[in-house]
Amino acid sequence: MSITALDGKRFAEMVIQGANHLAANAKMVDALNVFPVPDGDTGTNMNLSMTSGAKEVKKNVQEHIGKVGVSLSKGLLMGARGNSGVILSQLFRGFSKSIESKGKVDAKEFAAALEAGVETAYKAVMKPVEGTILTVAKDAAKRGVQVANQTNDIVLVMEEVLKEAKASLNRTPELLPVLKEVGVVDSGGQGLVCVYEGFLAELKGEKLPDSPDTLPSMDELVSAEHHKSAQSHMNTEDIVFGYCTEFMVKFEEDKLKKYPFNEKEFRNDLSQFGDSLLVISDDDVVKVHIHSEQPGEVLTYGQRYGSLINIKIENMRQQHTNIVGETKTPLVTDHSRTSSEKQEYGIVTVSMGSGIAELFKSIGAHEVIEGGQTMNPSTEDIVNAIKKVNAKKVFILPNNKNIIMAAEQAAEVSEDEVYVIPSKSVPQGLSALLAFNPSTDVQSNEAAMRDALSHVKTGQVTFAVRDTQIDGLEIEKDDFMGIAEGKIVVKNKDKGKAAEELLTKLLDEESEILTILYGEDVSWEEVTKLTEFVEEKYADVEIEVHSGNQPIYSYIFSIE
């Protein structure tokens, strides 16, 4: 089959099959991940990024390839996660920019677009490292341009692009010593190869399997031991900057008047906070990826330009520990455990569910007390947590109205300077914690954290343990109840329907960000169905999803 002109419809199918093939191989890509940090999530992040791009493309399938490219670029930008996911988004951002005005492209234009994507991706990275997805993309695009000067067949060009991408991938261990030491190829480069394999298959009219029959050969993966994750060759303590921090800043005119945005200056300023920095911006938002030891400081800096959206902070030391089964390390570097000298600030919070606990710790909590609706911690529990923090000034976030009194009692009997922020829900607690700024005085922090409580709406979905009548609703045992701001407003036999009905009451035209914390009784399929409902009905609302793994509540919603 020979193709001399590529239109939007065929390109859309290439994107979709590329995304599907990457999704099918995401776990294999995860297993290769050792650089820049051995946290084992490259395949997952690239999959989520590419899936977001493909989803946007599906909404806008048309003949004009430039317009399809714009959709791909937009979807990737909004969904980009992790180093390789953000770089992937930049590869196709540059690609799409190159073809934006074109209805169709020929072989030379297609190859030139691949090369334009490489240039954009290199510019987005503060310190490009060879032997990564960048190298694979660069070598493949260069080969594509060479072949396009000899043939007008896009299929032949894509065949050579893929062939060179695989060859470049096999060379990555020679460029990046850590890959050679462990015996693997670059995980991001492998993810890009998966995308290109999908592209070529679509051009040739073939369909790749939904899941791999076997893992790649030993030669293809440079003798990787696939029964053993590559991450096991690394030590958790080797991770210098422990928190993978991603967020977007939605520009606000009043803030830009005081701090005019310049992407180069913004990137240089952020570089002081960590490494693996990626910054990409358009007229409305700037997206940031950085590995930092103090994610709160990074977020505070970003806020000077606008409002924060799509925040994701992951503890890479914990990710690595979970993968290799090492002795569990603290989720937060707690200097009080290794020094008798008190730190300036400490934060104690109450949480139910391991996922929510990790989320609190990832954004700055020093001690998380297990507790909640059915297991309220005692005053003594809170006092002990205050002591463990070993700080001069301690903030407590109870996150439940029934725990506020115990927290206040703990503050009274504690020998330390303790401040209770009366958060009544997990979303309020998260909002208050994000408002904390370690560089300002205690009075300013207390005021900012208390003020943050009023900027978030809260909802929960739980189940009834007996028949009852409350708030005008006849509720039967095992009904799912939707609670908005402490009041039961919805009941339904179906968990998903209860969640949808509750969100319909909570979301309005002023809602900007919806955070979903799903519980231990909720499957990923149920979460996906719920997010699709929100995307369809509330297109302008940004959605963040976290596994809270909490009992009692199937869902906890936060709306800002």
Side-chain angles (χ1 to χ4, degrees), residues 3-19 22 46 49-80 85-125 133-134 137-138 140-145 147-149 152-155 157-158 161 192 195-196 198-200 202-203 248 250-251 261-264 267 278-287 539-540:
I3 298 174
T4 57
L6 183 64
D7 64 17
K9 288 187 175 180
R10 186 178 289 272
F11 180 61
E13 292 303 319
M14 290 169 61
V15 169
I16 292 167
Q17 181 151 198
L22 176 59
M46 291 186 74
S49 305
M50 195 67 190
T51 297
S52 178
K55 182 181 289 186
E56 198 66 31
V57 164
K58 288 178 183 178
K59 297 178 184 177
N60 189 35
V61 177
Q62 56 179 292
E63 292 283 350
H64 195 285
I65 191 171
K67 293 180 179 178
V68 174
V70 169
S71 295
L72 173 61
S73 180
K74 177 185 175 184
L76 279 166
L77 173 64
M78 298 305 293
V86 175
I87 292 173
L88 185 69
S89 77
Q90 290 306 286
L91 288 172
F92 287 109
R93 184 186 188 195
F95 178 98
S96 300
K97 196 72 177 174
S98 175
I99 64 171
E100 190 172 357
S101 63
K102 297 175 170 52
K104 295 181 180 181
V105 297
D106 59 22
K108 286 186 177 180
E109 290 168 327
F110 178 76
L114 289 175
E115 198 160 58
V118 172
E119 291 175 5
T120 300
Y122 267 86
K123 288 178 182 176
V125 181
I133 181 176
L134 288 169
K138 178 180 66 177
K142 182 179 179 180
R143 178 58 181 158
V145 170
V147 177
N149 286 325
N152 63 354
D153 186 354
I154 295 173
V155 178
V157 171
M158 192 67 232
V161 165
L192 183 63
V195 173
Y196 284 171
F199 280 12
L200 179 60
E202 187 59 44
L203 283 172
M248 299 178 77
K250 188 175 182 181
F251 294 136
F261 181 80
N262 178 284
E263 184 175 306
K264 184 177 180 180
R267 184 182 289 109
L278 291 163
V279 173
I280 43 181
S281 66
D282 59 19
D283 294 337
D284 302 314
V285 298
V286 58
K287 187 178 184 74
D540 294 333

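Index from 1, following the sequence. Bear in mind that the values here come from a model prediction, so they are computed numbers and not experimental data.
For Ile16, the side-chain contact (heavy atoms from CB on, under 4.5 Å) partners at least two apart in sequence or on another chain are Glu13, Asn20, Lys58. Remark: Lys74 pairs with Glu56 by the salt bridge (charged side-chain N to carboxylate O under 4.0 Å, His left out) rule, at least two apart or across chains. Evaluation of the salt bridge (charged side-chain N to carboxylate O under 4.0 Å, His left out) rule for Glu263 yields Arg267 as partners, not counting sequence neighbours. Every side chain to side chain donor-acceptor pair (under 3.5 Å) that Asn60 has, sequence neighbours left out, goes to Gln62, Ser71. Take Glu63 and apply the salt bridge (charged side-chain N to carboxylate O under 4.0 Å, His left out) test, not counting sequence neighbours, and it matches Lys9.
The shortest non-hydrogen separation linking Gly69 to Ser96 is O-OG, 2.9 Å. Counting all heavy atoms, side chain and backbone alike, Lys287 lies closest to Met248 at CG-CG, 3.8 Å.
With a 4.5 Å cut-off on side-chain heavy atoms, Arg10 and Ile3 count as touching. Side-chain contact between Thr120 and Lys97: absent, with no pair of heavy atoms (C-beta onward) separated by less than 4.5 Å. Contact annotation: the side chain of Phe199 never approaches that of Gln17 to less than 4.5 Å [non-hydrogen atoms, C-beta and beyond]. Looking only at side-chain heavy atoms (C-beta outward), Arg143 and Val161 stay at 4.5 Å or farther from each other. Side-chain contact between Leu192 and Leu91: present, with at least one pair of heavy atoms (C-beta onward) separated by less than 4.5 Å. Counting heavy atoms from C-beta outward, Val68 and Val61 have side chains that stay 4.5 Å or more apart. In this structure, Ile99 and Ile65 have side chains that are in contact, with non-hydrogen atoms separated by less than 4.5 Å. Using a 4.5 Å cut-off on side-chain heavy atoms (C-beta onward), Asp284 and Lys250 make no contact.
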Per-pair distances, 0.1 Å, donor-acceptor, side chain in residues 101-115, under 3.5 Å, sequence neighbours excluded:
unit_1, atom_1, unit_2, atom_2, d
Asp106, OD1, Lys108, N, 3.2
Asp106, OD1, Glu109, N, 2.8
Glu109, OE1, Asp106, N, 2.9

message: For a side chain to side chain contact (heavy atoms under 4.5 Å, CB included) check, start with the C-alpha distance between Val286 and Phe261, then their side-chain angles and the critical distance, and finish with the verdict.
response: CA-CA 10 Å; Val286 58; Phe261 181 80; 3.8 Å; yes
message: Show, in sequence, the C-alpha distance, side-chain angles and deciding distance for Val118 and Leu134, and conclude whether the side chain to side chain contact (heavy atoms under 4.5 Å, CB included) test is met.
response: CA-CA 7 Å; Val118 172; Leu134 288 169; over 6 Å; no
Derivation and outcome, side chain to side chain contact (heavy atoms under 4.5 Å, CB included), residues Leu203 and Met14: CA-CA 7 Å; Leu203 283 172; Met14 290 169 61; 3.7 Å; yes
query: Would Tyr122 and Lys138 satisfy side chain to side chain contact (heavy atoms under 4.5 Å, CB included), going step by step from the backbone distance to the final call?
result: CA-CA 9 Å; Tyr122 267 86; Lys138 178 180 66 177; 3.6 Å; yes
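The CG atom of Leu88 sits 4.5 Å away from the CE atom of Met46 when rounded to the nearest 0.5 Å.
Between Phe92 and Phe95, the two ring planes are perpendicular [angle over 60°; tilted spans 30° to 60°].
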